[in-house]
Each structure stands twice: as C-alpha cells, then as structure tokens.
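Heads up: the structure comes next, in structure tokens.
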Amino acid sequence: MKKLQVKTNHVALVFKQGELQKVYTAGQYWLWGEREVLEYNMAEAFGMRRDMDALLQNAELNAMLEVIDVMDNEVVLVYRNKVFNNVLGAGRHIYWKAAKEYSFERYNTEGLAVDKSIARNITGKSNMPSYVRMYTVGVNEKGLLFVDGQFQEILNAGEYRYWKNDIKVQITLVDIRQQVMDMNGQEILTKDKVQLRINFNLVYQVQDLLKAYVDNKEVEKQMYNVVQLVLREKVGRMSFDELMENKENLSTEILSGIKDEIATLGIEVKMCGIKDIILPGDIREIMNQVLIAEKKAQANMITRREETAATRSLLNTAKLMEENEMLMRLKEMEYIEKIADKVGEISLSGGGNVLKQLKEVFSR
C-alpha cells in the first residue's frame, strides 16, 4: 500500500500492468499493490500517447477531456485566456475540459484568402507562418496576383494573406514610379566605318500593367531590344562628323522612333538621350590634334587682329601729331618725361633754350 497525493488542478491516472484502472482528481488516496501513476496538469494540453484510443474508452477520463480532431483541410487556432497561443494542424489534439482558459476556432484552408476574422497581428506569431503565406505590396507598387498560373487581379498597396495549401500563388510586384534604363557600352559602326561605344539611357513609366506583365513576357528585355535596334539603325546611317554635330537631334529622332512601339507594351517613354560617346584610341588622338590646331589658329588670328589694331592706332596718332604742332610738343614732353625718369643726372652748358637742348640730348 502507498499513499497518493493529487495536487489541485491535477489529475492522476493509475495503471495496472499497462491498463488504466482509475482516474483520481485533487485529494489524498491509498493504492494497493504495484501501480503505475501518471499525473497531469489540467492547465496544459494532454500529451499524446500511442494507446490514446484505449484510454478514451474509460468513460470517466473521456468525460474530462476535449478531443479536437483536425482534418487535412483545416486548422484550429488555440487561444489561452483570449490571447492567441498556437495553431493546431491536421491530427488529434486533446485538452482538459476543466481548463477554462483555452478556447478554439476552426477554419477551413481549402480556399485562397485567409479569413478576415483572423486578426492580422497574430500572422507572424507562434507557428502561424507555417500555415499562412504573407505578401506585402509597397506604397509605390502594384501587385499582379496569379493563382495556379492564371491572372486573377491587380493588388493595391497593403498586406495580403493566403493559406498554405495546394493552390499555387504568385505575386509579381511592379514599381509604378518613373524609372531609368541604362544601356551602356553599345558598340556601333557609323556610316564611315568608325566604331564607337555609346552610353544611352531612357526614362519610362509603366502605364498598363496587364499589357506589360500579363500579355508580354520579360517586358524590360523587349523594351531594351526595341531601343537598341533603333539606336543602331540611326547611328549606322550617319557619318562620324554628322553624329558629333547632331547628337541632340538624334535623341529626338530615336524618341519618336521608339515611343509608339514601346507603348504597345504598356509602357510610356518619357525621355531618352545619349549620355556619352566613347571614341577609339586613335580617333581620340586625331580629335585632340584637330582641337589643338583649331585653338592655335584662333590664337594666331587674335594676335594678328591685335597687331593690326595697334598699328592702326599708331597711324592715327601720327596723323594727328602731323596736323597739330601743339599735340606734337605735348607728345615730345611726354617722352622726355618718361626718359628722364630713367636718367640719374643730366649736365647742360651755356644758355639758350633748355627744352631744345634736352631734345637734342635725347634725340642722339
């Protein structure tokens, strides 16, 4: 004989040779003979056993348990004290009925969207992500929903939840803002066989999501090919000199050549242009030589212009002095003053006109 003390809110199962004999609730008991005792806390789920079906044959125990059988197409959300606890998947789950803090909600998962009655804030808690697919569409995005490979609808910005089941779900996110496509290093031959590398870019915006991403495959690659072909065609018809002189006009021609065709893809081209033209090494050296020669010619022209202007000014001055004796005298005095600034000492002898003598001294 041995004493059995069952604590409050606990249940003791007494086994004899592996068979359930008695179920004891809180209290003190005496047991006779060899007995196996298992004690359970009713505030916790009943642990599954391989002999669970046999245990449930005991009417007393069966009346104390709540058996939750979850089908393959179902989930059961478990709340403890009205707070989300976990999700029960397919299988058998058992809880004590006396544990009043537990409550259960059953949902069918055969459909696509998660029931709106399930709070969003529990989507990422516990084992919930194992049963729910979560997608987020950004503020500047649109989402294209494909179900089992078939387009379903356009999704606006927000969060979307779908059950994890056999239904294949794909969401393609599309940025609806203006975007830039860079086409760098395009190697193109001009009409006069000069090989250039051109960096080109364009600004575009998606206008029709269905045309762009449902009716067409890899729309960005198609758009790239359209622009590349038009760029090669336009540049290939121009000589190198024509290209260098008409870069701005070429960008306008390319824009008009691609706009309508790209519009059929559901995309609007806002603007485009040539960023850089990269010349081969030998062509670049020749261009530098031409530039240097042009600058030298301009410098020589400016020098000759200034010399001509200076000579013309001297001629005009000489004519004025020839016609006006007083102006001639003033000019002589100006030169004498300049020369005198550089002379330390001058000796004059005899009388007469000092100015005339100075003139004779500096005119020697």
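Atom CD of Gln150 sits in a sparse spot, with 12 or fewer heavy atoms from other residues, nucleotides or ligands closer than 6.0 Å. Around the CZ atom of Arg106, the shell of radius 6.0 Å holds more than 12 heavy atoms that belong to other residues, nucleotides or ligands.
Under 3.5 Å, the side chains of Gln207 and Glu268 contain a donor-acceptor pair of N or O atoms. No donor-acceptor contact under 3.5 angstrom links the side chains of Asn81 and Glu101, judged on distance only. Asp241 and Ser239 form no side-chain donor-acceptor contact under 3.5 Å, judged by distance and modelled atom types alone. The closest side-chain donor-acceptor pair between Asn156 and Lys142 falls under 3.5 angstrom.
Every residue meeting the ring pair (Phe, Tyr, Trp, His ring centres under 6.0 Å) condition with Phe151, not counting sequence neighbours, appears here in chain and number order: Phe146. Residues passing the side-chain contact (heavy atoms from CB on, under 4.5 Å) test with Leu229: none are found, sequence neighbours excluded.
Residue pairs satisfying the side chain to side chain donor-acceptor pair (under 3.5 Å) criterion with at least one member in residues 25-43, sequence neighbours excluded, are listed as follows: Lys3-Gln28. For the salt bridge (Lys or Arg N to Asp or Glu O under 4.0 Å) condition, the pairs that include at least one residue of residues 79-96, sequence neighbours left out, are Asp53-Arg92, Asp69-Arg92. Counting only residues at least two apart or on different chains, the side chain to side chain donor-acceptor pair (under 3.5 Å) pairs with a member in residues 173-189 are Asp175-Arg177, Gln186-Tyr224, Gln186-Gln228, Glu187-Gln195.
Looking only at side-chain heavy atoms (C-beta outward), Ile198 and Asp276 stay at 4.5 Å or farther from each other. You'll find the side chain of Ile267 reaches within 4.5 Å of the side chain of Met223, heavy atoms only. Side-chain contact between Tyr24 and Leu13: absent, with no pair of heavy atoms (C-beta onward) separated by less than 4.5 Å. For the pair Asp148 and Ile167, the minimum side-chain heavy-atom distance is below 4.5 Å. By the 4.5 Å heavy-atom criterion applied to side chains, Asn216 and Gln222 are counted as neighbours.
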Between Tyr95 and Tyr102, does the ring-ring contact (aromatic ring centres under 6.0 Å, His included) criterion hold? Intermediate values first, please.
CA-CA 8 Å; Tyr95 288 81; Tyr102 283 102; 5.0 Å; yes
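Comment: Glu159 does not engage Arg161 in a salt bridge, judged by the lack of any side-chain N to carboxylate O separation of less than 4.0 angstrom.
Annotation for Met71 and Ala90: closest pair O-CB, 3.6 Å, computed over non-hydrogen atoms. Counting all heavy atoms, side chain and backbone alike, Glu253 lies closest to Ser256 at O-OG, 2.8 Å. The shortest non-hydrogen separation linking Lys97 to Leu65 is CE-O, 2.9 Å. Residue Ile171 comes nearest to Gly143 through the heavy atom pair CG2-CA, 4.3 Å, listed as atom of the first residue, atom of the second, then distance. Scanning both residues, Thr109 and Asn165, for their nearest heavy atoms gives O-ND2, 2.7 Å. Contact record, Ala26 with Thr8: CB-CA, 3.8 Å, taken as the closest heavy-atom pair.
When hydrophobic side chains of Ile, Leu, Val, Met, Phe, Trp and Tyr are connected at separations under 4.5 Å, Ile122 ends up clustered with Val75, Leu77, Tyr79, Phe84, Val87, Tyr107, Val114, Ile118, Met128, Tyr131, Val132, Trp163.
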